[in-house]
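Right, one structure below, let's go through it.
Proteins come first, then strands; the chains are lettered A, B, ... in the order of their sequence lines, and each starts at number 1.
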Protein chains: 2
Amino acid sequence: MSGISDVARRAGVSKATASRALTGHGYVSPDTRARVQDAARALGYVASSNAASLVTGRTRTIGVIMPYLNRWFFAEVLEGIQDALLEHGLDLTLYDARPGSHGRRLIFEDFLARKRFDGLIAVGLEPEDRELERLVAVGRPTVSVVGVGADSSAITLDDDAAARRAAEHLLALGHRRIAFLGGDPHDHWADVDRRRLDGYMRAMTDAGLAHEVCHIPSAVTMPGGYAAAVDLLSDASRRPTGLVGVCDEVAIGAIIAARRLGILVPGDLSVVGIDDHEFAEMFALTTLAQDPRAQGAEAVRVLLDHITDPGAAPVELQLQARLIVRSSTAPVDRASSAIEANTGRR
Amino acid sequence: MSGISDVARRAGVSKATASRALTGHGYVSPDTRARVQDAARALGYVASSNAASLVTGRTRTIGVIMPYLNRWFFAEVLEGIQDALLEHGLDLTLYDARPGSHGRRLIFEDFLARKRFDGLIAVGLEPEDRELERLVAVGRPTVSVVGVGADSSAITLDDDAAARRAAEHLLALGHRRIAFLGGDPHDHWADVDRRRLDGYMRAMTDAGLAHEVCHIPSAVTMPGGYAAAVDLLSDASRRPTGLVGVCDEVAIGAIIAARRLGILVPGDLSVVGIDDHEFAEMFALTTLAQDPRAQGAEAVRVLLDHITDPGAAPVELQLQARLIVRSSTAPVDRASSAIEANTGRR
DNA sequence: TTGAAAGCGGTACCAA
DNA sequence: TTGGTACCGCTTTCAA
């Protein structure tokens, strides 16, 4: 474990010069720089980041705080962030803040206050008041990836537009009985879910179908979508011809439910999702695609800007989803949709 | 940003005493301890972990290195680790080392050498020689969670036994044409996959069915299992009556494929997985359950032991999977299995 | 039981 | 362009 003094000695220079040569801050003749670097390499020198941080105040670490790790969107964003950070030589410390968990409380009350990071990326966090308070108290640049940042920067999908276009896609195919599946107003009703529901409702209302608006709550997971869809679809009298999933996971759950019940997708039921999940292809799911990986990378870019230039104004980036038509949607079968209530077709 | 000197001053003691009172190392009278703690609280004092680390050599951070984040098993282990670490007040820095990625090279060549952690948990890493070399060079206690640790500690599932019992479950139901689905010897052939394949082969051989052994390679994902199963099951002459999935994701992919093809599970085809994935219930999947969350927590426990007592002998913990019978498996339908090659039933 | 002081391993100012 | 040196904020002997 050689230190910078060892390197300096071996290169025949002072600690100061060695430091300058290694960090690149300040003037060093090309010649000595080379000598110092050689010495460092020969000794296998690795700077102590603690010592460096102590004096510079920079940790060379970015904190990432997110409520779920095991959901596609979050894992993708995380990978996007990690990739970008690695390229910059920055460490990533993870704070998994499941809503309501004890760990989450610890994170907000203790961990964040330690400021063991130069900046923070909050993914889909939706902090409560007290939490937000703690968050701003940290006083480090923050970028959020879903969920508006009070006056910090934010990268978001235009959820309203995405859901609206999902519904409009079905409307354009002639569907009128279109339900929105997913999200539960009584249990962790996330802002994203609400915004998407709003977009769907707007599309319905604009099409003069306000009376057809129908929100089926469900947990925002594949099993959640499955269970809710089984309920919804089993009852032929309630059954819609089109379904907008709050996200692909829920939409795919619904497709699986439909198949189980012998309901043809898209013959009897058209389904649209939002995400372009890794399983979307496999289920031929028509969806409004977003690119969470890129969002993660973008968050890193914005955050690093804020770190180098603390005065910079917050950035709000709103991305648009891209419609990908696969084969979970088709023109409505008018005959069947007209008579379905009577036939009680299984 | 008050420092320990501020706390000391406010409490009317020296820095040394303040430090002792706050860290709990060394004697302090209960009285002064209380005064110091009050002062710290009043000032909102938070110790600089850099300064502390610089002198103690402890980072109070655990590094976690894993090849995937977006696969169920890994995400679960990660959450288990995170939960345990939070309770101990330890930070978790994440190294996402996707096989073959540039980031992975950076991690092994640069990031690990910085030793910004007191210990390392490697989840399903399967390092190459050069990587293993770098890993041991780090000289920090390491625990692996899948994949044997050379002479470091390891928490593993008895994969061989799990796969063997999966196959034996099918054999007990009278199946003879049993295939093993998943894992690709020509592309990232993971040790886990090989061990499970071995277990399956052993069961088949022990049952005198060595000639029926059949390994269908596939990517170890749901879409991978799906694609491979579509191929396998479309050809009625090749179609087995039982399927052991290398993991639940692959097994579920196969179930979805079967449903698409109109093959009844378990009527025409019995499927067993390994994992007890969050989707297992929804697909009524019979599986050999493991508990990755608990494995993560256990890894933390073992690692912390090694950190406090560097001399401790490596621990190798081998867990047994637990058979959960749901309804993706049933006694073989001898009639149909006997004639299937002729009927070419879709 | 407490305090003084010496570092931990770097960085960055200032002078040369 | 380089070197001397103060200091980042804490922990930990050692002496009192």
Side-chain angles (χ1 to χ4, degrees), chain A residues 1-40 43-61 89 91 113-118 139 307-308, chain B residues 1-40 43-61 89 91 113-118 139 307-308:
Chain A
M1 271 308 302
S2 37
I4 199 169
S5 323
D6 302 309
V7 175
R9 195 173 319 120
R10 187 179 232 268
V13 298
S14 69
K15 271 172 57 180
T17 304
S19 173
R20 259 173 269 140
L22 262 15
T23 61
H25 294 301
Y27 292 117
V28 184
S29 78
D31 195 55
T32 45
R33 152 164 296 122
R35 250 181 319 127
V36 171
Q37 287 172 337
D38 287 350
L43 294 172
Y45 168 75
V46 179
S48 149
S49 37
N50 282 316
S53 296
L54 186 54
V55 41
T56 61
R58 284 290 171 75
T59 61
R60 302 201 58 76
T61 296
D91 270 351
R114 293 182 199 159
K115 306 185 209 259
R116 301 189 64 177
F117 40 76
D118 297 331
I307 290 173
T308 26
Chain B
M1 272 307 303
S2 37
I4 199 169
S5 324
D6 302 308
V7 175
R9 196 173 318 120
R10 188 180 230 268
V13 297
S14 69
K15 274 171 56 181
T17 305
S19 173
R20 261 172 264 143
L22 263 14
T23 60
H25 295 302
Y27 291 118
V28 184
S29 80
D31 194 56
T32 46
R33 152 163 297 122
R35 253 182 316 126
V36 171
Q37 286 171 338
D38 287 350
L43 294 172
Y45 167 76
V46 179
S48 150
S49 37
N50 282 316
S53 296
L54 186 54
V55 40
T56 60
R58 282 292 168 76
T59 61
R60 302 203 56 79
T61 296
D91 271 351
R114 293 182 199 159
K115 306 184 210 258
R116 299 190 65 179
F117 39 76
D118 297 331
I307 290 173
T308 27

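Atom OH of A/Tyr45 is separated from atom CE of A/Met1 by 8.5 Å, given to the nearest 0.5 angstrom. Taken from CG in B/Leu54 to OG in A/Ser49, the straight-line distance is 10.0 Å, to the nearest 0.5 Å. In this structure, the separation between CD1 on B/Ile4 and CZ on B/Arg9 is 12.0 Å, given to the nearest 0.5 Å. For the atom pair B/Asn50 CG and A/Ser48 OG, the distance stands at 8.5 Å (nearest 0.5 Å).
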Encode nucleotides 9-16 of chain C as B, S and - characters from 5' to 3', where the letter depends on protein heavy atoms closer than 4.0 Å: B to the base, S only to sugar-phosphate, - to neither. BBBB----
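Salt-bridge formation is not detected for the pair A/Arg35/A/Asp38: no Lys NZ or Arg NE/NH1/NH2 atom is positioned less than 4.0 Å from an Asp or Glu carboxylate oxygen.
When all heavy atoms of A/Asp118 and A/Gly57 are compared, the closest pair comes out as OD1-O, 4.1 Å. Taking both residues in full, the closest heavy atoms of B/Thr59 and B/Lys115 are given as CG2-O, 4.1 Å, listed atom of the first, atom of the second, then distance. Here the closest heavy-atom approach between residue B/Ser5 and residue B/Lys15 is recorded as OG-CD, 3.8 Å.
For the pair A/Val36 and A/Val28, the minimum side-chain heavy-atom distance is 4.5 Å or more.
Protein chain B contacts DNA chain D over a range whose 5' and 3' limits, counting nucleotides with an atom under 4.0 angstrom from a non-hydrogen atom, are D/dG9 to D/dT12.
Residues of residues 29-36 of chain A that place a heavy atom closer than 4.0 Å to DNA chain D, in numerical order, are A/Ser29, A/Thr32.
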Applying side-chain hydrogen bond (donor to acceptor under 3.5 Å, both in side chains) to B/Ser2 and B/Arg10, what does each step give before you reach the verdict? CA-CA 11 Å; B/Ser2 37; B/Arg10 188 180 230 268; over 6 Å; no
